[in-house]
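Keep in mind the model is a prediction, meaning the values are calculated, not measured.
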Protein chains: 2
Amino acid sequence: MKPIRPSIKDIAAHLNVSVTTVSFVLNGKGPEMRISEEVIQKILGYAREINYRPNQLAQSLRTGKTNVIVFMVEDISNPFFARLARIIEVIAYQKGYKVIFCSNENDDRHTGELLQVFRDQQVTGYIIIPSAGAKKQIKALLQEGVPVILFDRYFPELETNYVVIDNENATYQATKHLIGNGYRKIGFVTIAASQTQMVDRLKGYKKAVKEAKLRSRVLELPFGEDASEGEEHMRKFFEANPDLDAVFFATNYLAQQGLLVMREHFPGKLHAWGIMSFDDNEFFRIHTPSISAVAQPLEEIGSKLMEIMLDLLKNEKKALHQVVLTARLQERDSSQQKDVKSL
Amino acid sequence: MKPIRPSIKDIAAHLNVSVTTVSFVLNGKGPEMRISEEVIQKILGYAREINYRPNQLAQSLRTGKTNVIVFMVEDISNPFFARLARIIEVIAYQKGYKVIFCSNENDDRHTGELLQVFRDQQVTGYIIIPSAGAKKQIKALLQEGVPVILFDRYFPELETNYVVIDNENATYQATKHLIGNGYRKIGFVTIAASQTQMVDRLKGYKKAVKEAKLRSRVLELPFGEDASEGEEHMRKFFEANPDLDAVFFATNYLAQQGLLVMREHFPGKLHAWGIMSFDDNEFFRIHTPSISAVAQPLEEIGSKLMEIMLDLLKNEKKALHQVVLTARLQERDSSQQKDVKSL
DNA sequence: TTGAAAGCGCTAACAC
DNA sequence: GTGTTAGCGCTTTCAA
């Protein structure tokens, strides 16, 4: 039933030329190999006629290139990653690459296992958000010489390509924005993690608070907690700090949990407090009050990642690309002038 | 620099056995082929020692099986699809399959192009949300004999595997719930599409409304509009129907757009109207008022899809799996008893 | 200018 | 029980 797909051999046989000639022509090396125009046209024409499509498996086996790019994130169902995936996908398919995606759940063992699988698959390139302790695995990958790009965070000690945003400056500016709008007792909710991006965000907050001679009030949630535990911690933190007048969530899921806590336990604060989140989100526009956020430039991150990837794939001598992009502060109602808000 | 990966041949050479023996043993056919326990252990031991991993490309070229499953949805950045992707992913990797995902943008040409690419890649199985006019492409795929499962919607005229939910009954029940809670003038916002799931949702709404001897008020947005056009249409619809006391959005992104419109142009209605959405969402819990929704059983859909896929992959004689799952009504504040609400 | 042939790593029919 | 060998479909060196 399954129609036998024509192979290069069939073409050669039909046209009374050798497979070599066909292969050369099909790979655009006809002119280079000085194959006669007549033969070239004959082959191209027939290939089109029978709708010839090369067997990519065979091609890959031979060349060692699979044209598959892995996109590994913490959790593909996180809207931030999902939207990025979408952007990467579009560019990759345009350029003839396929994307395999996967979630490492921020777990080192899982990261290692997945990378093992992909190595077996001879994956062509990697775009990775590394889990906290994945330095060794990443290093091993680098040593194989395959293109690897980290993003969102990176290992300063490792000479890798990466695309990140200026987390420190972004939180610094956003915190200053809150201060500028009259907030003085700003809580910062983050997770206890040594990952560069979280460290930098905390740094930015502390810098702004210190400059304004305010006291920093940080809640560091234990790493790896589930949502309900996090919510419980936040509830206690808000309770223990009744004088807070603003809160800054260091990631979008922390904001999500925090908003829920506020809604359920401190409904009054929802409109009284200044609220700021890292990572923007469609729903922050819809929420009442609408939530101000540090918006990562998703399009830019995605296209930069692919631009670098394509460059690494093309050029034998691999340059080092380390890109820091600027985030944008999306001001909304939740961070409006304090006095105006509390009216 | 790149360490040469040991091949089956290396093992054979090192152990003074033939590649056949090695191949059999490694594929667990040792006992079947009555290869001596001693040789089996020797091969297994050495393979483990040098950390042998088969070249999957060669394996695939030979067997024609790639162990790659395609997961094609409208838009992977839609949270509904992203969460489903996550569920599929976990199961697939556990079973030794890889998942390639892609978005067809609900566009037939795009669907066709993607399928072409995957056919070239010798993809092992397909899980697809078909775009509206993709019947022909799906049919072609079926004829190749590869496992195909549709979900979310399907083509009744095509004998395919599918996993869907009982859209009609779900909207019927949800509409009855609104009616039961005192709402009488319920608008239904949907898109003009012939896709089974949208047709069924509208049907369910109409049935409930008719049974209650109420008038149906439907806004059918033109297919393929962008968000801002949709919002404009909704604004006009709400304006033209000032007596509405509830609104039912037929998809999560329509709800998203609608909530924004209400927030910006009819803030009073946000608390006065009954609101219901199809497809649940984390943010519906956080929203004020929290939004009631018809929740699709994501876990169940995902595991059912993979269960069917694994069955199709395993069994030569392929059974037909047509599964209809039940959605769950998630009642929240936005659909509370009308009189209670308007207090 | 074109063709023959080796071989990528693996499977499996067939031979011994 | 184990080995020989012919491919899977393609690229590429070498020879003509």
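- Remark: K65(A) is not in phosphate contact with dT11(D), judged by side-chain N or O atoms under 4.0 Å from OP1 or OP2.
- Judged purely by distance below 3.5 Å, without hydrogens or angles, the side chains of S131(A) and D108(A) pair a donor atom with an acceptor atom.
- The salt bridge (Lys or Arg N to Asp or Glu O under 4.0 Å) test applied to D152(B) returns no partner, not counting sequence neighbours.
- Among the atoms of the strands shown, only primed sugar atoms or phosphate atoms (P, OP1, OP2) are found under 4.0 Å from some heavy atom of S7(A).
- Straight-line distance from the CG atom of N27(A) to the P atom of dT13(D): 13 Å, rounded to whole Å.
- Classified by interplanar angle (parallel below 30°, tilted 30° to 60°, perpendicular above 60°), the ring pair Y154(A)/Y162(A) is parallel.
- Spacing between atom CD of Q121(B) and atom P of dC10(D) amounts to 14 Å, rounded to whole angstrom units.
- A salt bridge links E105(A) with R86(B): the closest approach of a Lys/Arg side-chain nitrogen to an acidic carboxylate oxygen falls below 4.0 angstrom.
- With respect to R153(B) and E74(B), a salt bridge is recorded, a charged nitrogen being found less than 4.0 Å from a carboxylate O.
- A salt bridge between K42(A) and E38(A) is absent, with no side-chain N of the basic residue lying under 4.0 Å from a carboxylate O of the acidic one.
- Residue K29(B) has a polar side-chain atom (N or O) positioned under 4.0 Å from OP1 or OP2 of dA12(C).
- Atom NZ in K42(B) sits about 13 Å away from atom C1' in dG1(D), given to the nearest Å.
- If you take NZ of K9(A) and P of dG7(D), they are 8 Å apart, rounded to a whole angstrom.
- Shown here are the salt bridge (Lys or Arg N to Asp or Glu O under 4.0 Å) partners of R83(B), two or more places apart in sequence or in another chain: there are none.
- Heavy-atom distances under 4.0 Å link DNA chain D to Y52(A), P54(A), N55(A), A58(A), Q59(A) of residues 52-61 of chain A, given in residue order.
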Name the pairs: protein N/O against N/O of nucleotides 2-6 of chain D, kept only if under 3.5 Å.
{"unit_1": "dT2(D)", "atom_1": "OP1", "unit_2": "S36(B)", "atom_2": "OG", "d": "3.3"}
{"unit_1": "dT2(D)", "atom_1": "OP2", "unit_2": "S36(B)", "atom_2": "N", "d": "2.7"}
{"unit_1": "dG3(D)", "atom_1": "OP2", "unit_2": "S18(B)", "atom_2": "N", "d": "2.7"}
{"unit_1": "dG3(D)", "atom_1": "OP2", "unit_2": "T21(B)", "atom_2": "OG1", "d": "2.9"}
{"unit_1": "dT4(D)", "atom_1": "O4", "unit_2": "T20(B)", "atom_2": "OG1", "d": "2.3"}

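- Between its two ends, the helix from dT1(C)-dA16(D) to dC16(C)-dG1(D) turns its axis by 50°, counting five pairs per end and rounding to 10 degrees.
- Applying the side chain to side chain donor-acceptor pair (under 3.5 Å) test to every pair with at least one member in residues 132-141 of chain B, sequence neighbours left out, gives these pairs: K135(B)-E157(B).
- In summary, the side chains of T20(A) and S23(A) do not present any donor paired with an acceptor at a separation below 3.5 Å, with no hydrogens or angles considered.
- The nearest whole Å value for the distance from the CG atom in D10(A) to the P atom in dG9(D) is 8 Å.
- Between dC8(D), dC10(D), dT11(C), one nucleotide has an atom nearer to the side chain of I8(A) than all others, and that is dC10(D).
- No donor-acceptor pair under 3.5 Å is formed between the side chain of N106(A) and the backbone N or O of G224(A).
- The CD1 atom of I43(B) sits 13 Å away from the P atom of dC10(C) (whole-angstrom rounding).
- Between T124(A) and T66(A), the side chains place a donor N or O and an acceptor N or O closer than 3.5 Å (distance only, hydrogens not considered).
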